[in-house]
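Naming: A, B, ... by sequence-line order, numbering from 1 per chain. Only this structure's heavy atoms are used, side chains among them; waters, hydrogens and symmetry mates stay out.
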Amino acid sequence: MHKGTSTKTWAILMVSPFVLCFILFWLAPMLLGLWVSLHNWNLSSGNNGFVGLQNYVDILTPGSLYNEAFMLALKNTLVFVVISVPPLVIIALGLALVLDNLPTRLKPVFRTIYFVSYSISVTAVSAIFLWLFNENGGFINNLLVSIGILDQPINWLSEQPYAWLSILIATVWWTIGFNMMLFINALDEVDPSLYEAADLDGANAFRKFIYITLPQIKNVAFFIIIMTVIASFNLYGQSRLITAGGPEQSTTTLTMGIQNTVFGMNQLGIGSSMAILMGIIMLLVTAAQYFMSYRKKEVN
Amino acid sequence: MKSFKWLVLLIASVLVLGACSGGNNASKSKDGKIQISFINGFTGGDGAYMKKITDGFNASQDKYEIVESQEKDHYTKYKSGDYDMVVIHGNNLETYRLDGMIQEVGPLYEKAGLKESDFHQAGMDLAKLDGKLYGFPIDIHPLTMFYNKEFTQEAPKTYEDLKKLNADLQAKNKDLYALGVPSSGLVEFYMLMIAAQNGVDLQDGNALNFAQPEYADALMTFHDMVWKDKVSPAGLGLDGEFKTFMKEADSGKAVQSAIALTGPWYYAAAKEKFGDSLGVAPIPQIGKQQAAYGNAHMLAVSASVEDEEVKEGIAEFAKYMFTPENLINWADGGQAPVHLKTIEKVTAEKDKYQIAYQNSLQFDSYVAPPQVYQYGEQIRYMNEKVFSKLVGTENLTADQLMKELESATKKAQQIAETQPK
């Protein structure tokens, strides 16, 4: 009895830091955000009363100020999700495969080189890419003009589609290391005997990748795709610092829109509603991915 | 019972965290001085000069101490924090007044022994809202002209001068232009400057009205600068006016401009690069009349300050700050004070305080930003969308521009409707 109680106490003690952090940093803010989203809450004047779902109605009513801001930001964010997820996953997988085939002594060196960019702050990354993509005398333009690929410099940051391309390149360079590491770990887990059996059967590298590697890392790949979609939805630093949401608000993302609604317009209630809607959209996209993957698994 | 214990624990945690917030009573330092919290956004080069003033005040005081915070997002911190004094931009003062976040400071002028006549009228026009004083005007930072004396000895005074300068430069080198028109960044200053120089009043009640044919015509000046008269290269991005000024022309790879219509805060960087070759002057007349536009810094007092001792301390600080010997530090930092006796001191040493002096020359023709609720948000669509379209679209017609101006006006009206009743 005494032992049982002690174990239970220990269990509570061990789990309590997580539960406390979970409540403080996730559950409480989320519930508070939900509660604020149901109020006419102004950052300056405070809570001006319960309005029910009116904030959501305002955001979803075409023609309203908040609807235009939200829809524009949502469209821009979806564009980024669509253009960023494939390279962030495919390039990471490619790098992981290359590293996996390197001599054992070289692996940690290149693993560190590719991962180190992930440890740099977004401010520094943005400053580097601002310099690289500067329209007037920037490094990339100078290089491309010097070697004759371009006749005229490109307005990388103030013209589409180049602005998205600049943000995409910066994002891939910055974050690719994280996905690559996850893929490397997944590749390490693949049973070598499967490859040996395939070698005996005369399978080439491509067939081994398709029939052994991909199925074996499928679960990790699915996790990486979901995490990458979520990360791309949360695009903020790069578009804020590299293009400032431009040209013509075309890289203004949902997070930027919410930030402006709260801190620019002072509309904390509306901003919270936008954040909740953004969360719901992300949840739906993730659920759709999960459902498609699960269904495919069932069919298989 | 177990659930009840958890509930008690949760409530206790919330109460403990809640107790971390501060109150509104005057706080005192270890040596018994009354502390006055002061927040501003001077995180650039000018921060050190404001610090000189607050440090000087603290050293001179037995009774009060200014606790200064220089924060990049100082407005956000001010809204959510508990500060006694704040520096607010001239175009934000009305918003903070309507939001009930600042208080009338007329009585503090009296306590400090300051009069309206101690300041230039341009500063007073900014500080006075609805007939009452809501701030002490520190400076006005108008759109400023830098020019490179290696390309022109004289500062251009008119648009014709700009065109002539451009023709001369282009004849020498195709990568040299008179100036650069940016697509984003300081474009609000450009748009309000051209309105002022064409006598267009953008304020319509509590909202901005951009959809005026004469304003569309005025704005087309910037389109013509890039695409018709070509006094500026096309495709300059964020802060392009200053970046182009600082560049070295490089055959086909980089363009350079001889002048920059930009913010005075770039003075230190330009001076470091060009030294004595840097000229500073009031902006040229591009529209129908001479007029200057820019923003301003105002010292305002939080609406939450009720303690008389704190108010006395703020008045004492204002009395100290608005003296030529102390406010000259601000001019030393490149800002143009509107305190008349400090202007006199600046004028007496105009070579030393080059930029403050040149900008003080623009005060007489200065046109203040429209005093409307959420001015920054009302003009956001113009800043982020319309101007970049205006200078970035070669075949833009007046009709297309007018449609954008109508959209911008509609958004401004919607923002104005959020004004507290």
Select one option (side chain, backbone, both, neither) describing which atoms of [X] are under 4.5 Å from chain B's heavy atoms.
X        : answer
A:Leu65  : both
A:Ser44  : both
A:Asn141 : neither
A:Asn266 : both
A:Gln249 : both

For B:Glu377, is it the side chain, the backbone, both, or neither that has a heavy atom closer than 4.5 Å to a heavy atom of chain A?
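Contact with chain A involves the side chain of B:Glu377 alone.
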Distance only, no hydrogens: is a donor on one side chain within 3.5 Å (strictly under) of an acceptor on the other, for [X] and [Y]?
X        : Y        : result
A:Ser232 : A:Ser84  : yes
A:Thr255 : A:Thr253 : no
A:Tyr66  : A:Asn55  : no

Quick one: which of B:Glu248, B:Met101, B:Lys247 has the most heavy-atom pairs under 4.5 Å with chain A, could you say?
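Result: the option with the highest number of such pairs is B:Lys247.
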Hey, which of B:Lys410, B:Gln256, B:Lys411 has the most heavy atom pairs under 4.5 Å with chain A?
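Option with the greatest count: B:Lys411.
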Name the option with the most non-hydrogen atom pairs under 4.5 Å to chain B; the candidates are A:Glu68, A:Gln267, A:Glu159.
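Between A:Glu68, A:Gln267, A:Glu159, the count favours A:Glu68.
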